[in-house]
Engineer: 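I have a structure I would like to understand better, so I am pasting it below and will then ask my questions one at a time.
Counting starts at 1 for both ligands and their atoms, in listed order.
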Amino acid sequence: MNQASAPTARPPAERRIDLIDLARQQAPIRARIEAAIARILDHGHYIMGPEVAELERRLAAFSGARHAVSCASGTDALVMALMALGLRPGDAVVVPSFTFCATAEAVMLLGGVPILADVREDTFNLDPASLKEAVLTARAQGLPLRGVITVDLFGQPCDYGAIEPIVRESGCWLVCDAAQAFGAEWNGRKVGTIGDITTTSFFPAKPLGCYGDGGALFTEHDETAEILRSLRVHGQGQDKYDNVRIGLNGRLDTIQAAILIEKLAVFEAEIAARNRVAVRYGKLLPPGLICPVLAAGATSVWAQFTVRTPDRDALLGRLRAQGLPAAVYYARPLHRQQAYRHCPCASEDLPTSDRLAGSVLSLPMHPYVTAEEQAHVADALGASSRELRGAAE
Ligand SMILES: *Cc1c(COP(=O)(O)O)cnc(C)c1O
């Protein structure tokens, strides 16, 4: 996911296709962003300026969440969520293995133990059956299980209808890592209103991205929101030099808040455009590539358009040779990574995470991909697939 294209304007003659084209997104709102930054240079409130509170009001209104608390990154959001929920060293938290590392990293930073669970092959999201196994594994190993972090991967929320009852029955809290899914919905509930705390990231390449690092947390609980606001400024109490808990420097810059206000204003239209791009891929891509599916009741903001194919490595090589972008999210699940290898797993192996790591391929996806560009990508994939099949015969 962490692959932002060069944000500088390119000469129009150069018709390069980008995986995520931030320059094309910037063009129509560039003047408004420049004006917003100029206002900050004039008022000079670089830290916690008025734009930060304004953005939080708008994020809460957009998501329907009672509280939106901005912070410095999606990773800080996860760390702050776990701190607010009182995670202590030795506490266990279920996390999917097929995700970006930050989900498990936040648990380990606080001394917790991630229990790595498997995902579903069709949606890439936490498999409720594996979550059940993880709960049993924690019990069998005598690990104090405190919580579950779900990841709404590639823009689509998890199957909360199956997950929420398991979380509740096991006495756990639920944090939704929606770094890739802010703006999506599950059964009419917007991301940000599911779980005890939802976290998101405004890394430039995420569906709603700023021009640096940024993140936010969402919660329905007044007390949790108050703790989060304290945590992001060193555990501040009543005033600046009153410290009531250990926190961090986790604030969102005023300039990034101002940029996000402008981006949020066009976000709804961009989500609609991303969905049109996804539908078009579904019609254009050659048979043999398995397209991503939306679960019943779920919408997606299509952070990635990720297909599956047994010929992944060969296809990736051929696309790249033609100068077409494609990427692999994620080539190694966490249980195969040096830093997480020793973590307990929900079951003896996590076969779906392993299989996905060898078969996923993410194609260019942003609101401004043209039908022509998609046809070009589809043609290249079709021709390469035919060649590969011919070579195999
Ligand atoms: C990007 C991402 C994060 C981390 O966000 P940053 O803003 O880069 O710290 C966490 N979880 C997931 C699933 C992500 O995709």
Engineer: CD1 of Ile290 to CD of Glu121: how many Å apart, nearest 0.5 Å?
Structural biologist: 7.0 Å
Engineer: State the atoms of ligand 1, each with its element, that fall below the 4.0 Å cut-off from a heavy-atom position in Ala179.
Structural biologist: 2 (C), 3 (C), 10 (C), 11 (N), 12 (C), 14 (C), 15 (O)
Engineer: What do you reckon, does Gly74 have a nitrogen or oxygen under 3.5 Å from a nitrogen or oxygen of ligand 1?
Structural biologist: yes
Engineer: Can you confirm if the NZ or CZ of Lys206 lies within 45° of the ring axis of Phe154 and under 6.0 Å from the centre of its six-membered ring?
Structural biologist: no
Engineer: Side chain, backbone, both or neither: which part of Thr75 comes within less than 4.0 Å of ligand 1 when only heavy atoms are counted?
Structural biologist: both
Engineer: Rounded to the nearest 0.5 Å, what separates atom CD1 in Ile115 from atom OG in Ser347?
Structural biologist: 11.5 Å
Engineer: Quick one: list whatever passes side-chain hydrogen bond (donor to acceptor under 3.5 Å, both in side chains) with Tyr340, sequence neighbours left out.
Structural biologist: none
Engineer: Which atoms from ligand 1 have a heavy atom of Ala102 less than 4.0 Å away?
Structural biologist: 4 (C), 10 (C)
Engineer: Quick one: do the Glu51 and His43 side chains pair a donor with an acceptor below 3.5 Å?
Structural biologist: yes
Engineer: Counting only heavy atoms, which portion of Ser73 has something under 4.0 Å from ligand 1: side chain, backbone, both, or neither?
Structural biologist: both
Engineer: Counting only heavy atoms, tell me which of Phe203, Tyr330, Phe154 gets closest to atom 8 (O) of ligand 1.
Structural biologist: Phe203
Engineer: With a 3.5 Å distance limit and no angle check, can you tell me whether Asp242 reaches the backbone of Gln236 through a side-chain donor-acceptor pair?
Structural biologist: no
Engineer: Please identify which atoms of ligand 1 are closer than 4.0 Å to at least one heavy atom of Val151.
Structural biologist: 13 (C)
Engineer: If I apply the N/O under 3.5 Å rule, does Ser201 come out as touching ligand 1?
Structural biologist: yes
Engineer: Taking distance alone, with N or O pairs closer than 3.5 Å, would you say Thr99 contacts ligand 1?
Structural biologist: no
Engineer: State whether the side chain of His221 and the backbone N or O of Glu223 hold a donor-acceptor pair below 3.5 Å, judged by distance alone.
Structural biologist: no
